[in-house]
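Okay, structure first, notes after.
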Amino acid sequence: MKFGLCSSPQICRIKGFNRDKHKMLPLVTENDIAYTNEDKANEIANSLENQFKNNDISHPPTEYLVRQKVNEFKRSPVSTPITTCKASEVFENIGKFKNNKSPGIDKISNSMLKRLPLKITFRITDLINAVLRRHYIPKAWKTAIAFPILKHGGKNS
């Protein structure tokens with residue numbers, strides 16, 4: 001169905017709408033004037049691309065110095081010797097965990113840890129000691145789930 005100058009009945013219902021009156025003006029850029037919709041779209045895309053480029057903040061002398069210092073740090077001996085923990089310390093500390101705390105990503109609650117067999121406590125001790133010896137904490141251990149608990153009478157109530 002054709003509606004004359006209008007492309008749809010919804011636009012034709014707008015009082016005083018005339019496609020010729022509402023033509024988009026040419027887009028003037030630094031280097032050119034865009035008349036067609038395709039040229040205008042390309043000019044807008046080019047402008048946005050230029051605005052949102054990553055900044056080149058590289059500075060080779062500084063990067064070299066940082067790399068050199070990091071390598072020097074990695075080669076340096078540990079100033080304080082690492083003392084490993086004992087299974088009795090792990091068992092004692094697990095016993096001090098509060099039961100009403102929520103579990104982490106692994107879904108293991110404190111009450112579950114308290115009920116572990118003694119053999120597993122030895123395995124946990126070995127794992128903790130390996131972390132201490134290697135000076136490396138697994139990324140999964142650094143991940144937490146945080147839920148905000150809003151108080152009544154605050155901004156959002």
Side-chain angles (χ1 to χ4, degrees), residues 7-11 13-14 22 24-32 34 36-157:
S7 59
S8 71
Q10 290 83 10
I11 294 176
R13 287 187 207 143
I14 299 172
H22 299 289
M24 181 89 75
L25 297 174
L27 183 63
V28 180
T29 64
E30 292 177 18
N31 304 327
D32 201 8
T36 67
N37 287 340
E38 186 177 345
D39 290 342
K40 292 175 190 177
N42 286 331
E43 289 298 330
I44 291 170
N46 290 339
S47 174
L48 290 172
E49 186 177 358
N50 289 333
Q51 290 176 44
F52 295 103
K53 278 185 180 173
N54 287 335
N55 294 330
D56 182 20
I57 56 171
S58 65
H59 187 254
T62 305
E63 290 171 7
Y64 174 76
L65 183 66
V66 168
R67 212 175 306 113
Q68 190 178 16
K69 292 292 182 184
V70 166
N71 288 334
E72 185 180 310
F73 176 77
K74 284 181 176 179
R75 285 190 301 267
S76 65
V78 178
S79 57
T80 56
I82 301 293
T83 56
T84 57
C85 62
K86 299 177 185 137
S88 60
E89 294 170 328
V90 173
F91 185 76
E92 183 182 328
N93 282 301
I94 288 175
K96 292 179 183 177
F97 290 170
K98 294 181 180 179
N99 287 335
N100 60 348
K101 299 294 179 182
S102 60
I105 290 177
D106 55 10
K107 306 289 187 225
I108 299 173
S109 67
N110 288 347
S111 60
M112 289 167 69
L113 287 171
K114 287 181 176 183
R115 293 185 185 123
L116 287 174
L118 194 56
K119 186 176 182 179
I120 302 299
T121 306
F122 287 113
R123 295 284 186 216
I124 291 172
T125 305
D126 292 340
L127 190 61
I128 292 169
N129 287 330
V131 166
L132 293 173
R133 275 192 309 276
R134 295 175 191 261
H135 303 273
Y136 175 77
I137 298 174
K139 190 175 184 178
W141 288 13
K142 300 177 191 179
T143 306
I145 301 172
F147 290 104
I149 301 173
L150 303 174
K151 296 181 179 181
H152 294 290
K155 293 179 184 177
N156 298 332
S157 60

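Model, not experiment: these values are computed from the prediction.
- A side-chain N or O of S47 and one of Q51 form a donor-acceptor pair less than 3.5 Å apart.
- You'll find the side chain of D39 stays beyond 4.5 Å of the side chain of D32, heavy atoms only.
- Here the shortest heavy-atom pairing between K107 and M112 reads O-SD, 3.9 Å.
- Between E38 and N42 the shortest side-chain heavy-atom distance falls below 4.5 Å.
- The structure places CD1 of I124 at 11.0 Å from CZ of F91, a figure rounded to the nearest 0.5 Å.
- In plain terms, the two heavy atoms of T121 and A87 that are nearest each other are CG2-O, 4.0 Å.
- The shortest distance between side-chain heavy atoms of L113 and N110 falls below 4.5 Å.
- Looking only at side-chain heavy atoms (C-beta outward), K96 and N93 come within less than 4.5 Å of each other.
- To the nearest 0.5 Å, atom CG of residue L116 and atom CZ of residue F122 are 13.0 Å apart.
- Using modelled atom types, one side-chain atom of K40 and one backbone atom of L25 make a donor-acceptor pair closer than 3.5 Å.
- With rounding to the nearest 0.5 Å, the separation of CG in N37 from CD1 in I44 is 9.5 Å.
- Heavy-atom contacts from other residues, nucleotides or ligands closer than 6.0 Å to CD1 of I105 number more than 12.
- R133 contributes atom CZ, which lies 8.0 Å from atom CG of D126 (distance to the nearest 0.5 angstrom).
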Assess whether side-chain contact (heavy atoms from CB on, under 4.5 Å) is satisfied between N46 and T29, documenting all intermediate values. CA-CA 10 Å; N46 290 339; T29 64; over 6 Å; no
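- The two residues T125 and K86 make their nearest non-hydrogen contact at CG2-C, 3.8 Å.
- Here the side chains of I94 and K114 are in contact, with some heavy-atom distance below 4.5 Å.
- Summarising the geometry, atom CD1 belonging to I82 is positioned 10.5 Å from atom CG belonging to N129; distances are rounded to the nearest 0.5 Å.
- With a 4.5 Å cut-off on side-chain heavy atoms, P103 and I145 do not count as touching.
- Proximity of R115 to S111: side-chain heavy atoms (C-beta onward) are separated by under 4.5 Å at one or more points.
- Residues H59 and E63 fail the side-chain proximity criterion, which asks for heavy atoms closer than 4.5 Å.
- Atom OG1 of T62 and atom CZ of R67 lie 11.0 Å apart (nearest 0.5 Å).
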